[in-house]
Amino acid sequence: MGDGDTRALARQLLEHTETLPESLQAHILARGAEAVEPLVELLLDEPLSYVTAPGEGNAPIHAVRLLARLKTPEAISAMVRRLMRCEPGEVLYDALLYALEELGSAVAPSALEALAHVRTADERLGLLSVLSRCGVQDERIYAALLAQLQEDPTAGAINLSVYGDPRAIEPLSRVLAAHEVDDDTEDLFANQNIIELQHAIEELGGTLDAAQLDKVERARSSRRRLNELFRSMVLDTLQPSSLPAQHVPRPGRNEPCWCGSGVKYKKCHLGEDSRR
């Protein structure tokens, strides 16, 4: 088949919503490098990501997942550019993060170039998530992650933990020492910074002193209190038979688990949710 036939094949993604037929995936993947340009065109056509678009906005998501399976470095620059135009929490945003992570070290040049020109905190958030997971050790990445730690301790701690440089133990400990526990909060995630800082320090091989351990225990105690309060309120006011079936969006693998445990999703309910 020629380029026109491959482009027409890729355009069939517009006909499908959340589920893509295996046969269509196989046909597109069989085109190899020839399929990259048509898939990139779908990805970069922003109106196609709207729920009012054909396929309810799923075509760019399908395109990203297929590009990840093709593992073609030629698509990386376009994927990075599209990531910077997404809002955190969108399905396409998560699909791009996972796809770029699978491409490994090849994403570093494009992501670092984009990082030098970021305009918003959301753009920086996605790029640093990708760079911390690409497997490349680079002083520019490390410096950017330390800056993120000061601006957003939760995201900074998660990314530094994944990046894996033990030098981060000291700055992580300093940030933990500077944070106070909000014992009286009614916000389930108010003390998330403290819990993520603890995880990062320990995963990098560090230890917490007695004062830090006490701070973490107070944060977890507050979390448990609010979690139990929430559960009791739900049980007191709602009968299980009256609850409609709901689709609850999953958090990202390195985000706090939806259950309120304070543990990253991948280490808590990800396996159980995937089985269900």
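Here the structure is a predicted model, which means the values were calculated and not measured.
Dense packing is recorded around CD of E41, with more than 12 heavy atoms of other residues, nucleotides or ligands lying under 6.0 Å away. H16 NE2: more than 12 foreign heavy atoms inside a 6.0 Å radius. The number of heavy-atom neighbours closer than 6.0 Å to CZ of R140, taken from other residues, nucleotides and ligands shown, is 12 or below.
Of the possible donor and acceptor atoms, none in the side chain of S222 sits under 3.5 Å from a partner among the backbone N and O of R218. Checking side-chain atoms of N191 against main-chain N and O of I194 turns up no donor-acceptor pair under 3.5 Å. Here the side chain of K215 pairs no donor or acceptor atom with the backbone of E180 at under 3.5 angstrom. A donor-acceptor contact shorter than 3.5 Å links the side chain of D209 to the backbone of Q212.
No side-chain donor from either of R174 and Q150 sits under 3.5 Å from a side-chain acceptor of the other. S110 and R81 are not linked by any side-chain donor-acceptor pair at a separation below 3.5 angstrom, with hydrogens and angles left out of the test. Counting only N and O atoms by type, the side chains of R65 and Q25 include no donor and acceptor under 3.5 Å apart. Using a 3.5 Å distance cut-off with no hydrogens or angles, the side chains of S161 and E203 do pair a donor with an acceptor.
Between C134 and S105 there is no side-chain heavy-atom pair separated by less than 4.5 Å.
Taking both residues in full, the closest heavy atoms of L39 and A63 are given as O-CB, 3.6 Å, listed atom of the first, atom of the second, then distance.
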*asked:* With side-chain contact (heavy atoms from CB on, under 4.5 Å) as the criterion, how do L42 and R11 come out once you've worked through the C-alpha distance, each side chain's angles and the decisive distance to 0.1 Å?
replied: CA-CA 8 Å; L42 291 174; R11 298 289 294 182; 3.5 Å; yes
*Report the C-alpha distance between E151 and R124 in whole Å, list the side-chain angles of each, state the deciding distance to 0.1 Å, and finish with yes or no for side-chain contact (heavy atoms from CB on, under 4.5 Å).*
CA-CA 11 Å; E151 299 169 1; R124 186 179 295 106; 4.2 Å; yes
Report all side-chain donor-acceptor pairs from residues 114-121 shorter than 3.5 Å, counting only partners two or more places apart or in another chain.
unit_1, atom_1, unit_2, atom_2, d
H117, ND1, E113, O, 2.9
R119, NH2, E123, OE2, 3.0
T120, OG1, E123, N, 3.1

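Using a 4.0 Å cut-off between charged nitrogen and carboxylate oxygen, R224 and E217 count as a salt-bridge pair.
A cation-pi contact, defined as under 6.0 Å to the ring centre and within 45° of the axis, is absent between R133 and Y163.
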